[in-house]
Amino acid sequence: MTRINLTVDGAKVSDDVEPRMLLVQYLRERLGKTGTVIGCDTSNCGACTVHLDGTSVKSCNVLAVQADGAEVTTIEGLAVNGELHPVQAAFRECHGLQCGFCTPGMIMQSVDLLKENPHPSEEEIRLGLEGNLCRCTGYHNIVKSVQHAAGAGSAS
């Protein structure tokens, strides 16, 4: 076992983990952060995307021990005082989801995309989300949601 110390959604956490435990497993199984979805376990789908020190990562591709000392933000950590993050609100308003399975990862990647490029073109949005797969929507409303969030000034 290895001791890790990190901050998850603003809360300090200290825990002993097996060195081989994936961050996605740690978040879901130990901390109950089930909004971080296990999709493919091969880093292809992006459903497990979280922010690690402010940058989006696929948590099925990161060991929990690699997050030692880091700050992790999950989909549960985006809302503040019960108020949705502007990207979450845009996905709801623009119907950027169907089954919802990919939505947490799409939103987390979109927040990171908008932080880097607050006013992306449609092509830049599609490129920025290419590592996140949706099997339902055809991406039209996802792109529309990101455009809407960009118009609302959601880079924070």
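Hydrogens, waters and symmetry mates play no part in the numbers below; they use all other heavy atoms, side chains included.
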**Q.** Set of side-chain contact (heavy atoms from CB on, under 4.5 Å) partners for Val57, sequence neighbours left out
**A.** Val50, Leu52, Val62

Q. With a 4.5 Å limit on heavy-atom distance, are the side chains of Tyr139 and Ile125 in contact?
A. no

Q: Only counting residues at least two apart or in another chain, list the ones meeting salt bridge (Lys or Arg N to Asp or Glu O under 4.0 Å) with Arg30.
A: Asp15

Q.
Through direct or indirect side-chain contacts below 4.5 angstrom among Ile, Leu, Val, Met, Phe, Trp and Tyr, which residues connect to Val37?
A. Phe101

Sequence neighbours left out, cut at 3.5 Å: what donor-acceptor pairs do the side chains of residues 104-113 make with other protein atoms?
unit_1 : atom_1 : unit_2 : atom_2 : d
Gln109 : OE1    : Ser56  : OG     : 2.7
Gln109 : NE2    : Gly128 : O      : 3.2
Ser110 : OG     : Met106 : O      : 2.7
Asp112 : OD1    : Lys115 : NZ     : 3.4
Asp112 : OD2    : Ser56  : N      : 3.2
Asp112 : OD2    : Ser56  : OG     : 2.9

Q: List, by chain and number, the other hydrophobic cluster members for Leu84, where Ile, Leu, Val, Met, Phe, Trp and Tyr join if side-chain heavy atoms come within less than 4.5 Å, directly or indirectly.
A: none

Q) What pairs with Glu18 under salt bridge (Lys or Arg N to Asp or Glu O under 4.0 Å), at least two apart in sequence or on another chain? A) Arg20

Q) For Ser121, what residues pass the side-chain hydrogen bond (donor to acceptor under 3.5 Å, both in side chains) criterion, not counting sequence neighbours? A) Glu124

Q. Which residues satisfy the side-chain contact (heavy atoms from CB on, under 4.5 Å) test with Ile38, sequence neighbours excluded?
A. Val24, Arg28, Asp41

Q. Which pairs, with at least one residue in residues 77-105 and sequence neighbours excluded, count as a salt bridge (Lys or Arg N to Asp or Glu O under 4.0 Å)?
A. none

Q | salt bridge (Lys or Arg N to Asp or Glu O under 4.0 Å) pairs, two or more places apart, involving residues 48-68 | A | none

Q: Answer with yes or no whether the hydrophobic clustering places Tyr26 together with Ile75; edges join I, L, V, M, F, W, Y residues whose side-chain heavy atoms lie under 4.5 Å apart.
A: no

Q. Who are the salt bridge (Lys or Arg N to Asp or Glu O under 4.0 Å) partners of Glu122, not counting sequence neighbours?
A. Arg126

Q) Under the side-chain contact (heavy atoms from CB on, under 4.5 Å) test, which residues partner Asn141, sequence neighbours left out? A) His95, Lys144

